[in-house]
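Convention: sequence-line order gives letters A, B, ...; per-chain numbering from 1.
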Amino acid sequence: MSKEHAFFIYLLERYAEHKGKSTQTVLGEWERLHLTENIVQMYERYHSERLQNAFDDIDEMITSSR
Amino acid sequence: MNKVPARTLDFFDRHVVQNIVQKYGLDELTAIKDFIGSQSYAMLQDPELELYRLSPLIIFDMWESEKITGDPRNSLYLRADEL
């Protein structure tokens, strides 16, 4: 598995846990807002920063996509 | 009851997705979306079923059974367990 997709799984599962939501609910929302591919492409930045930064960035993307 | 920890789900996701990619030739992101959206994943995430105690290969077999029959409970591993 590519490092980008392995990290995406890691990020998705921890974001869901952090939010207290099911992973299916979180991925469903990312898909509905067309964010999934963008989040995968953010690997270089997200994996080199603390995870909370990625969570905050995703929250901002969700807010601005609604 | 507590949820199945993210690190445990992460472990299963990677193994099952890898198996889906290798056997069916899906691209990785499609396989991730397919598995996470499946009934098999929903069952894995249910702490009361304790499927996290099983091998990822059994979860993969459940996913295959779901694709073929529409129900992951048709996996031979789960059916054999009922006997």
Side-chain angles (χ1 to χ4, degrees), chain A, chain B residues 1-60 62-67 70-73:
Chain A
M1 178 178 294
S2 70
K3 58 187 187 305
E4 288 85 358
H5 290 128
F7 182 78
F8 175 76
I9 289 172
Y10 167 82
L11 178 60
L12 171 62
E13 292 293 2
R14 272 142 187 93
Y15 181 88
E17 187 174 68
H18 177 70
K19 293 291 178 184
K21 297 179 177 176
S22 79
T23 312
Q24 291 180 320
T25 300
V26 168
L27 185 58
E29 184 173 33
W30 292 0
E31 282 287 276
R32 197 166 55 255
L33 299 173
H34 306 290
L35 297 177
T36 307
E37 277 73 8
N38 290 344
I39 292 170
V40 172
Q41 287 170 9
M42 292 298 285
Y43 165 77
E44 287 297 339
R45 204 186 102 194
Y46 287 168
H47 94 282
S48 60
E49 297 180 355
R50 54 196 283 268
L51 205 51
Q52 186 61 47
N53 288 4
F55 292 169
D56 294 344
D57 195 56
I58 292 167
D59 288 343
E60 280 185 29
M61 281 196 268
I62 290 171
T63 303
S64 59
S65 297
R66 280 178 176 152
Chain B
M1 185 173 286
N2 290 333
K3 292 182 176 177
V4 178
R7 66 177 182 279
T8 303
L9 295 169
D10 184 341
F11 169 81
F12 278 90
D13 294 349
R14 291 174 197 228
H15 279 80
V16 174
V17 166
Q18 199 121 9
N19 279 298
I20 293 171
V21 169
Q22 282 172 359
K23 186 163 180 181
Y24 293 98
L26 270 65
D27 69 81
E28 290 179 344
L29 189 54
T30 302
I32 290 168
K33 291 176 184 178
D34 198 301
F35 177 58
I36 300 284
S38 69
Q39 292 179 57
S40 306
Y41 182 85
M43 291 173 69
L44 173 65
Q45 211 176 26
D46 183 344
E48 292 190 6
L49 296 177
E50 297 190 343
L51 293 179
Y52 54 82
R53 293 179 181 275
L54 305 175
S55 160
L57 288 174
I58 295 179
I59 307 301
F60 173 62
M62 288 171 58
W63 177 85
E64 277 191 307
S65 298
E66 180 180 345
K67 285 288 163 189
D71 189 345
R73 293 170 188 80

*Mind telling me whether F11(B) and H15(B) have parallel, tilted or perpendicular rings, with 30° and 60° as the class edges?*
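The rings of H15(B) and F11(B) sit tilted, inter-plane angle from 30° to 60°.
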Does any backbone or side-chain atom of [X] lie under 4.5 Å from a heavy atom of chain B? Answer side chain, backbone, both or neither.
| X | value |
| --- | --- |
| S2(A) | both |
| E17(A) | side chain |
| E31(A) | side chain |

_Is any side-chain heavy atom of M42(A) closer than 4.5 Å to one of L11(A)?_
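They are not in side-chain contact.
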*Any side-chain heavy atom of E64(B) within less than 4.5 Å of one from Y24(B)?*
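In short, these two side chains touch, coming nearer than 4.5 Å.
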*Of L51(A), D59(A), I39(A), the residue whose pairing with Y15(A) passes side chain to side chain contact (heavy atoms under 4.5 Å, CB included)*: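 Among the candidates, only D59(A) passes.
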*Please determine, among V21(B), L9(B), V17(B), the option with the most heavy-atom pairs under 4.5 Å with chain A.*
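Heavy-atom pairs under 4.5 Å are most numerous for L9(B).
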*With a 4.5 Å cut-off on heavy-atom pairs, point out which of S22(A), A16(A), G28(A) contacts chain B the most.*
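Winner by heavy-atom pair count: S22(A).
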*Using non-hydrogen atoms only, which part of A42(B) is less than 4.5 Å away from chain A: side chain, backbone, both, or neither?*
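Both parts, backbone and side chain.
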*asked:* Please give me the minimum heavy-atom distance between E66(B) and Q39(B), naming the atom from each residue.
replied: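 Looks like OE2-N, 2.9 Å.
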